[in-house]
Amino acid sequence: MFSNNFLGVIWGHFFRRDYLEVNQVCFHETSYYDDEEFIAKAYFYSGKMIVTSWKGYAYYHSPSSLTQVFTEEECRRRIPAFKEMLLRLKVFESVSCPYALDLKSKALNRRIHFLTIDYIRQMRRNKCGIKEINQRLSILKQEGFLPLPNEGYSWKYRLVVPVINAYVCLFINKCS
């Protein structure tokens with residue numbers, strides 16, 4: 001998690017049951033983005049993992065799946081659910097990482113930074129207007145998610161972060 005991005009869906013991973021039980025990793029009781037939170041916490045506690053191209057799961061694309069329904073009502077539910085997941089991960093990080101320089105803390109913060117970008121992208125995907133986006137960005141800034149740190153995580157991150165930070169600086173509560 002410190003040096004690689006991963007797909008935040010449960011169907012792309014296998015975990016030993018005793019590992020999940022010992023570390024008390026479980027799903028939050030929401031319908032949206034619970035995979036992202038679960039996977040980030042599972043990676044946080046992992047000491048090692050195996051990555052393989054073995055196909056152990058077949059996904060059925062259902063038109064009625066939560067990920068495929070884009071009614072206005074469903075879109076409106078997704079945005080606060082994503083933010084709540086981000087907040088839970090931030091609280092988890094502050095409680096679980098007493099030393100900010102710890103590799104696990106850095107890895108979890110990296111994931112939170114990428115998920116913050118995903119949250120911003122989700123706002124547009126789920127049909128939020130510019131006024132609502134600005135309000136939500138203001139809240140993210142107040143809660144310490146923005147501005148994003150200038151880290152060299154990946155070329156995509158290095159490309160997107162200056163744009164997000166410049167927008168926040170210019171249009172969200174002025175630069176600090």
Side-chain angles (χ1 to χ4, degrees), residues 1-2 4-12 25-44 63-97 100 104-176:
M1 190 162 64
F2 178 70
N4 295 293
N5 293 329
F6 55 86
L7 190 59
V9 292
I10 193 64
W11 53 261
V25 178
C26 56
F27 285 97
H28 190 269
E29 295 181 19
T30 62
S31 298
Y32 301 107
Y33 311 110
D34 50 347
D35 286 14
E36 288 282 4
E37 180 180 358
F38 179 93
I39 298 298
K41 289 177 179 179
Y43 273 52
F44 175 83
S64 62
S65 165
L66 283 177
T67 61
Q68 300 300 313
V69 176
F70 289 98
T71 64
E72 189 165 334
E73 180 182 336
E74 289 299 316
C75 290
R76 290 283 154 218
R77 288 184 187 156
R78 286 185 175 109
I79 300 303
F82 202 111
K83 181 179 167 252
E84 291 303 315
M85 178 269 300
L86 270 175
L87 289 171
R88 286 192 304 272
L89 278 178
K90 189 168 184 144
V91 168
F92 174 78
E93 187 277 332
S94 67
V95 169
S96 302
C97 303
K104 286 185 175 194
S105 175
K106 288 180 180 182
L108 187 54
N109 273 303
R110 178 184 192 271
R111 188 65 185 156
I112 291 169
H113 299 150
F114 275 88
L115 288 171
T116 300
I117 294 169
D118 286 347
Y119 175 65
I120 294 167
R121 191 180 53 90
Q122 287 290 331
M123 284 189 263
R124 284 306 296 160
R125 182 173 186 238
N126 288 294
K127 305 171 186 171
C128 292
I130 195 70
K131 185 176 179 180
E132 181 179 356
I133 289 172
N134 286 347
Q135 289 170 339
R136 291 183 180 280
L137 290 176
S138 179
I139 292 167
L140 283 181
K141 185 175 179 184
Q142 291 170 5
E143 292 172 345
F145 289 96
L146 295 173
L148 289 160
N150 290 316
E151 298 286 346
Y153 295 142
S154 70
W155 70 267
K156 288 181 182 178
Y157 183 88
R158 289 189 307 269
L159 186 67
V160 170
V161 165
V163 175
I164 292 172
N165 287 346
Y167 184 89
V168 168
C169 184
L170 291 170
F171 299 106
I172 310 300
N173 300 333
K174 309 255 185 212
C175 296
S176 53

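Everything quoted here is computed from the prediction, not taken from an experiment.
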Point-to-point distance, once rounded to the nearest 0.5 Å, from [atom1] of [X] to [atom2] of [Y]:
| X | Y | atom1 | atom2 | value |
| --- | --- | --- | --- | --- |
| Arg121 | Thr116 | CZ | OG1 | 12.5 Å |
| Ile172 | Ile164 | CD1 | CD1 | 11.5 Å |
| Glu84 | Asp34 | CD | CG | 14.0 Å |
| Ser96 | Leu89 | OG | CG | 10.0 Å |
| Ile130 | Gln135 | CD1 | CD | 11.0 Å |
| Cys169 | Lys141 | SG | NZ | 7.0 Å |

request  = Can you see which heavy atom on Pro149 is nearest to which on His113, and at what distance?
outcome  =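 Of all heavy-atom pairs spanning Pro149 and His113, the closest is CG-CE1, 3.2 Å.
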
task = Please report the closest heavy-atom contact between Ala40 and Leu108, naming both atoms and the distance.
result =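 Scanning both residues, the minimum pair turns out to be CB-CD1, 4.3 Å.
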
Taking C-beta and beyond as the side chain, do [X] and [Y] meet within less than 4.5 Å on heavy atoms?
| X | Y | result |
| --- | --- | --- |
| Leu87 | Phe145 | yes |
| Lys156 | Ile117 | no |
| Asn109 | Glu151 | no |
| Leu148 | Leu146 | yes |
| Leu115 | Asp118 | yes |

What residues form a side-chain hydrogen bond (donor to acceptor under 3.5 Å, both in side chains) with [X], not counting sequence neighbours?
| X | answer |
| --- | --- |
| Glu132 | Arg76, Arg136 |
| Ser154 | none |
| Tyr157 | none |

request  = Identify, with sequence neighbours excluded, every residue that meets salt bridge (Lys or Arg N to Asp or Glu O under 4.0 Å) alongside Lys83.
outcome  =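 For Lys83 the salt bridge (Lys or Arg N to Asp or Glu O under 4.0 Å) partners, ignoring immediate neighbours, are Glu143.
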
request  = Output every pair passing side chain to side chain donor-acceptor pair (under 3.5 Å) with a member in residues 158-172, not counting sequence neighbours, ordered by first then second residue.
outcome  =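 Pairs touching residues 158-172 that pass the test: Asn134-Tyr167.
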
inquiry  = Quick test of your reading: applying ring-ring contact (aromatic ring centres under 6.0 Å, His included), list the pairs with at least one residue in residues 77-96, sequence neighbours left out, ordered by first then second residue.
reply    =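 Qualifying pairs: Tyr33-Phe82, Phe44-Phe92, Tyr45-Phe92, Phe82-Tyr119.
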
key: N-O pairing of Glu37 and Lys41 below 4.0 Å   =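 Here Glu37 pairs with Lys41 in a salt bridge, since their nearest N and O are under 4.0 Å apart.
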
